[in-house]
Enquirer: 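Dumping the structure here so I can ask a few things about it.
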Amino acid sequence: MGRPRLRRDAGLTLLLGAALGLLLYAQRQGAAPTASALRARARARAAPRPRAFRAPPAYDADPPAPAPASPSPSGAFDFRGYLRAKDRRRFPLLIDQPHKCRGDGPGRAPDLLIAVKSVAGDFERRQAVRQTWGAEGRARGALVRRVFLLGVPGAAGAPAGPHWRSLLHAESREYADILLWAFDDTFFNLTLKEIHFLAWASARCPDVRFVFKGDADVFVHVGNLLQFLAPRDPAEDFLAGDVIVQARPIRARASKYYIPEAVYGLPAYPAYAGGGGFVLSGATLHRLADACAQVELFPIDDVFLGMCLQRLRLTPEPHPAFRTFGISQPSAAPHLHTFDPCFYRELVVVHGLSAADIWLMWRLLHGPQAPVCAHPQPAAAGPFQWNS
């Protein structure tokens, strides 16, 4: 009995010793890294680590502001908030240009006022417009003036930086073309931008002959626009552009343009000109400013303008050279590129261009080497009709 017991105790002792040895080996491996591990750690210590960005100190008194809201819808519209605030339609003007329409001589008001919708952080597009189609001065003998229409940067969109207010004041001193109002610059506040500009232009530019209003991402052939306006009487009512008829309100909640029946119950909108770019007479400017002051605000600005025209019993005039939906690929010539100066040479407005595209097309059309184009084909006239 004694000898088997000794064998059992010896076996247990050997088993426990083996387990203890394995444990000590594992601990030693964790405490003493291998040579390859040491080399890897040395390389990691030698490699430069990315440093966290630190903002430079503030050099003016402006408090940090949130990024500006780009005028493009981003999600479902807050109709409850809209309905609560829809009757607030007067906001102070923070940057004004009181002498913009003074003219360049006694009794000479501008022949054409160009008004461009913009946002605080979009300086690049404003520069492209200033130095291409929106240049101030004389074109074809007509006196041209320019303003940019802005609101206060909101909570989303392209960043304007913490010192946007100081930068806009400096830009205004340099170019004298910034109009800034105290409403949030969001897509659904473009209607506020519409009524405030009409009121401003009616008061500050009472004798202007014609007004072109458009987006910052359009290309405008000002020579063709002035040629179109030459036989027109600024004392007569008209508004011309890319006219859209029988557009139906979008009832799908997932759409960024969703409009519930409680906000607009009719089956179709009145005829309206695409907001990318349209032109109106001085007489219509004053009448439209008065009409829009009486029409209930609507969250889609070009539709709202159509409602104001409807109140005036004025039908917008379609013009085939206003392309606020861009240039369509010709079905008979699919090999042609739509970004071709021969297309743009015959048009007035083309929507949806980058700042670089505007620069390039301007140079292609107005540079020393004029494009060689075939005889222009007449464009089909008539208003744009939404398909059923």
Side-chain angles (χ1 to χ4, degrees), residues 67-74 94-95 97 100 112-136 139 144-154 156-161 164 167-168 170-172 174-181 183-194 196-198 200-201 211-222 225 241-242 273-280 300-302 305 322-327 339 344 347-363 365-366:
S70 175
S72 58
S74 57
L94 304 178
I95 299 180
Q97 305 299 334
K100 176 57 64 174
L112 178 65
L113 174 64
I114 294 174
V116 182
K117 292 176 284 186
S118 185
V119 293
D122 215 352
F123 176 76
E124 182 184 11
R125 286 192 185 277
R126 290 194 291 276
Q127 280 296 85
V129 171
R130 286 180 181 118
Q131 300 183 23
T132 58
W133 63 265
E136 293 190 316
V144 179
R145 291 287 182 258
R146 172 196 67 241
V147 289
F148 291 98
L149 316 177
L150 291 85
V152 172
W164 64 268
L167 291 173
L168 283 181
E171 189 176 343
S172 176
E174 178 68 22
Y175 299 104
D177 59 4
I178 299 293
L179 295 176
L180 173 68
W181 285 277
F183 53 79
D184 289 341
D185 208 342
T186 62
F187 176 82
F188 292 108
N189 275 349
L190 288 176
T191 301
L192 291 175
K193 194 172 286 189
E194 190 78 60
H196 283 79
F197 166 69
L198 289 172
W200 178 90
V211 176
F212 173 84
K213 184 170 178 288
D215 291 341
D217 62 343
V218 301
F219 178 87
V220 182
H221 196 306
V222 176
L225 176 61
D242 191 357
F278 57 87
V279 65
L280 62 153
I300 303 177
D301 61 320
D302 44 10
L305 201 65
F322 287 71
R323 302 294 181 90
T324 58
F325 289 90
I327 302 176
F339 191 77
Y344 287 70
L347 299 176
V348 173
V349 175
V350 181
H351 193 205
L353 276 72
S354 68
D357 288 341
I358 293 173
W359 276 97
L360 178 57
M361 186 53 64
W362 182 263
R363 291 296 301 166
L365 286 174
H366 298 86

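Just so it is clear, the model here is predicted, and its values are computed rather than measured.
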Enquirer: Could you tell me which non-hydrogen atom of Gly134 sits nearest to which non-hydrogen atom of Ile114, and how far apart they are?
Expert: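 In terms of heavy atoms, the two residues are closest at CA-CD1, 4.2 Å.
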Enquirer: Within the supplied structure, the quantity of interest is the number of heavy atoms (other residues, nucleotides, ligands) at a distance under 6.0 Å from Glu124 CD; does it exceed 12?
Expert: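 Open.
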Enquirer: Minimum heavy-atom separation for Val119 and Leu150, please, with both atom names.
Expert: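 Closest approach of Val119 to Leu150: C-CD2, 3.5 Å.
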Enquirer: Do Phe219 and Thr132 come close enough that some side-chain heavy atom pair is under 4.5 Å?
Expert: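 No, every pair of side-chain atoms sits at 4.5 Å or beyond.
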Enquirer: On a heavy-atom basis, which atom in Lys213 and which in Leu149 lie closest, and how many Å separate them?
Expert: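 Where Lys213 meets Leu149 most closely, the heavy atoms are CE-CD1, 3.9 Å.
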Enquirer: Leu353 and Arg125: which non-hydrogen atoms are nearest, and at how many Å?
Expert: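 In terms of heavy atoms, the two residues are closest at O-NH1, 2.7 Å.
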Enquirer: With the side chain counted from C-beta on, respond yes when Val147 and Phe197 share a heavy-atom pair under 4.5 Å apart, and no when they do not.
Expert: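 The answer is yes; the side chains approach within 4.5 Å.
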Enquirer: Please name the residue in the list Ile95, Leu167, Leu94 that meets the side-chain contact (heavy atoms from CB on, under 4.5 Å) test with Ser172.
Expert: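 When side-chain contact (heavy atoms from CB on, under 4.5 Å) is applied between Ser172 and each of Ile95, Leu167, Leu94, only Ile95 qualifies.
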Enquirer: I want to check something: taking the side chain as every heavy atom from C-beta on, are Phe278 and Leu305 in contact at a cut-off of under 4.5 Å?
Expert: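 They are in side-chain contact.
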Enquirer: Quick check for you: to the nearest 0.5 Å, what is the distance between Asp185 atom CG and Asp122 atom CG?
Expert: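 Rounded to the nearest 0.5 Å, the CG-CG separation comes to 10.5 Å.
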Enquirer: Would you mind reporting whether Phe148 and Tyr175 have side-chain heavy atoms less than 4.5 Å apart?
Expert: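 They are not in contact (no side-chain heavy atoms under 4.5 Å apart), so the answer is no.
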Enquirer: Rounded to the nearest 0.5 Å, what's the gap from CG on Leu168 to CG on Leu179? Could you check?
Expert: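 Going from CG on Leu168 over to CG on Leu179, the span is 11.5 Å.
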Enquirer: Check whether any side-chain heavy atom of Leu365 lies under 4.5 Å from a side-chain heavy atom of Tyr344, and answer yes or no.
Expert: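 Result yes, sub-4.5 Å side-chain heavy-atom pair found.
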Enquirer: Return the minimal non-hydrogen interatomic distance between Ala216 and Ile358, and the atom names on each side.
Expert: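 Heavy atoms of Ala216 and Ile358 come nearest at O-CD1, 3.7 Å.
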Enquirer: Would Leu112 and Leu225 count as a side chain to side chain contact (heavy atoms under 4.5 Å, CB included) here? Give the steps.
Expert: CA-CA 10 Å; Leu112 178 65; Leu225 176 61; 3.9 Å; yes
Enquirer: What do the steps show when you test Glu136 against Lys100 for side chain to side chain contact (heavy atoms under 4.5 Å, CB included), and what is the final call?
Expert: CA-CA 11 Å; Glu136 293 190 316; Lys100 176 57 64 174; 2.7 Å; yes
Enquirer: Does any part of the side chain of Lys117, heavy atoms only, come nearer than 4.5 Å to the side chain of Glu194, both counted from C-beta?
Expert: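 With C-beta onward as the side chain, the pair stays apart.
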Enquirer: Is it true that Asp177 and Arg145 make a salt bridge, defined as a side-chain N closer than 4.0 Å to a carboxylate O?
Expert: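 Here Asp177 does not pair with Arg145 in a salt bridge, since their nearest N and O are not under 4.0 Å apart.
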Enquirer: List the steps and the verdict of side chain to side chain contact (heavy atoms under 4.5 Å, CB included) for Ile327 and Phe339.
Expert: CA-CA 8 Å; Ile327 302 176; Phe339 191 77; over 6 Å; no
Enquirer: Can you find a pair of side-chain heavy atoms, one from Asp242 and one from His351, that are under 4.5 Å apart?
Expert: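 No - every pair of side-chain heavy atoms lies 4.5 Å or more apart.
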Enquirer: Is any side-chain N of the basic residue among Arg130 and Glu174 closer than 4.0 Å to the acidic one's carboxylate O?
Expert: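 Salt bridge: no.
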Enquirer: So which heavy atom on Gly277 is nearest to which on Phe212, and how close?
Expert: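 Reported closest heavy-atom pair: CA-CZ, 3.8 Å.
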Enquirer: Kindly say whether Ser118 contributes a backbone atom to a donor-acceptor pair with the side chain of Lys193 at under 3.5 angstrom?
Expert: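 Yes.
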Enquirer: Would a 4.5 Å heavy-atom cut-off, applied to side chains only, mark Met361 and Trp133 as touching?
Expert: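 No, side chains not in contact.
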